[in-house]
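These notes are about the structure you will find just below.
The structure presented is a predicted model; accordingly, all values stated were derived computationally and were not measured.
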Amino acid sequence: MSDELASGLRELAQDAETPPSVSGAEIRLRAVRRRRRRFRWTAVTVAGACAAASVALVVALNPTGGDREDRPSPAASPTAPPSSPSPAAPDATVDLSRRMLTVAGRELPISSGSVRYPTAGGRMMVVSKDSVKALPMFAGKYLEKVAWVIGLRAADGTTNFVGTLMADEKAPGNYDITTGWIGLRRADALWLYKQLEPGAVIEIRGAATPTPTPTVDLSPSATEGTVLPGDTGGAVTSPGRTADTPVPPVSATPSVAAVPAE
């Protein structure tokens, strides 16, 4: 090829050459954008593949599909039972096994029901107070007027009494001789009568321990001289003792109004 021909071809090529539509910087920017789009697409593809693998693994481990019937019901889960409030502390307690009534930090010896007439246990409320009341005594063959009587009633309607055990003041703390009511020495019965008001709670616990009971004369004639609030003075209260002070007559109605049990 001659030099003239080569020179002519170069001139023709230069005349036909088209200048670029964008600058070099714009070309480089477009190249960067294309690389970023390819990276994002690759990341999305990998994430989709991972999600598909996870679903496949769950299906393989749980062939049933994880229906709700296969899941434990929330109601089946063990739950702690609601705690019930503790009852308030009683105002007085009676320990039948120790033959002791405890109130306001003081212990008073008692005599409760005999083996034939055991004293019922549980919580009872003071519902009445009588300065004198007739209660069945010993084997229940006759009634005896008892001083400083506190009437008790349980939630189920069971009733009982606390009063003076005049016939045998050696019994409290030593042996049980009543028909179920709780007997105290005269001074202790009077103190308790002033201490407890209607609405107070007495809790009777334990069971009496049988003990030999001394032989005593239980006939009415042996105790007919006993002086109680409401009797007239001058009668013999016990061997070697007399009562010289007249006391008011016995009232048929309680000296303190009864209140209903809760």
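- Residues forming a side chain to side chain contact (heavy atoms under 4.5 Å, CB included) with Thr158 (at least two apart in sequence, or on another chain): Met124, Ala154, Asp156.
- Note that CG of Leu152 is 9.0 Å distant from OG1 of Thr159, once rounded to the nearest 0.5 Å.
- Judged as a salt bridge (Lys or Arg N to Asp or Glu O under 4.0 Å), and not counting sequence neighbours, the contacts of Asp188 are Arg106.
- Hydrophobic clustering, with ILVMFWY side chains joined whenever heavy atoms are under 4.5 angstrom apart, groups Leu190 together with Leu196.
- Here the shortest heavy-atom pairing between Ala208 and Ser112 reads CB-OG, 3.9 Å.
- Rounding to the nearest 0.5 Å gives a distance of 13.5 Å between CG of Asp130 and NZ of Lys145.
- The same ILVMFWY cluster, assembled from side-chain heavy atoms under 4.5 Å apart, contains both Trp191 and Val126.
- Of all non-hydrogen atoms in Pro172 and Arg185, the two that sit nearest each other are O-NH2, 3.5 Å.
- By the side-chain hydrogen bond (donor to acceptor under 3.5 Å, both in side chains) test, Thr102 is found to be paired with no residue, residues two or more places apart in sequence or in another chain being considered.
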Check the pair Thr93 / Leu101 against side-chain contact (heavy atoms from CB on, under 4.5 Å), numbers first and verdict last.
CA-CA 6 Å; Thr93 58; Leu101 186 153; over 6 Å; no
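- With sequence neighbours left out, the side chain to side chain contact (heavy atoms under 4.5 Å, CB included) criterion links Ala89 to no other residue.
- Partners of Gln195 by side-chain hydrogen bond (donor to acceptor under 3.5 Å, both in side chains), not counting sequence neighbours: none found.
- Residues that satisfy the side-chain hydrogen bond (donor to acceptor under 3.5 Å, both in side chains) test with Ser97, not counting sequence neighbours, are Asp95.
- Between the CZ atom in Arg205 and the CE atom in Met100 there is a gap of 14.0 Å [rounded to 0.5 Å].
- Annotation: side chain to side chain contact (heavy atoms under 4.5 Å, CB included) contacts of Ala171 (sequence neighbours excluded): Ser111, Leu165, Asp168, Tyr175, Ile177.
- With a 4.5 Å cut-off on side-chain heavy atoms, Ile204 and Ile182 count as touching.
- For the side-chain contact (heavy atoms from CB on, under 4.5 Å) test with Trp181, the passing option among Val149, Val162, Val146 is Val146; the others fail.
- Of all heavy-atom pairs between Ala92 and Val103, the closest is CB-CB, 3.8 Å.
- In terms of heavy atoms, Lys133 sits closest to Phe161 at CE-CE2, 3.4 Å.
- A distance of 10.0 Å separates CG in Leu184 from CD in Glu169, rounded to the nearest 0.5 Å.
- Side chain of Lys129 to main chain of Tyr193: a donor-acceptor pair is present (N/O by atom type, distance under 3.5 Å, no hydrogens or angles).
- Among pairs with a residue in residues 117-127, those fulfilling salt bridge (Lys or Arg N to Asp or Glu O under 4.0 Å) read Arg123-Glu203, at least two apart in sequence or across chains.
- A distance-only check finds no donor-acceptor pair linking the side chain of Trp148 to the backbone of Lys194 [under 3.5 Å].
- With Thr119 contributing its side chain and Gly113 its backbone, the two residues share a donor-acceptor pair below 3.5 Å.
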